[in-house]
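These notes are about the structure you will find just below.
Because the structure is predicted, anything quoted here is derived from the model rather than measured.
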Amino acid sequence: MATQIAAKKIVSISKSQVDKKGGIVVLSLKEYQKLCERAVPTYYLKGEKACELDKLVAEGLAEYSKGRCKKVKSLSDLD
């Protein structure tokens, strides 16, 4: 019969640091990621500008899938 040993990880938080900074928040990684996603505003384009952008994105994705893209370290590498 195999036994399992539960590993406990202890996180120590200084009371003085909590008091100094006004508290702490503990979230799961999934909750934190959702919160970050909602913090960024979402913009929706309409009309001609939306069509232009959709076309540009489609062209870029097609170029990427064909392997025609290259990595650059800075904008000066685009020359």
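Annotation: side-chain contact (heavy atoms from CB on, under 4.5 Å) contacts of Ser14 (sequence neighbours excluded): Ser16, Gln17.
Residues Leu45 and Tyr43 are not in side-chain contact: their nearest non-hydrogen atoms beyond the backbone lie 4.5 Å or more apart.
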Donor-acceptor pairs under 3.5 Å, side chain of residues 19-26 to any protein atom, not counting sequence neighbours: which ones?
| from | atom 1 | to | atom 2 | distance (Å) |
| --- | --- | --- | --- | --- |
| Asp19 | OD2 | Lys15 | NZ | 3.3 |

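Listed by first then second residue, pairs satisfying salt bridge (charged side-chain N to carboxylate O under 4.0 Å, His left out) with a partner in residues 25-54 number zero, not counting sequence neighbours.
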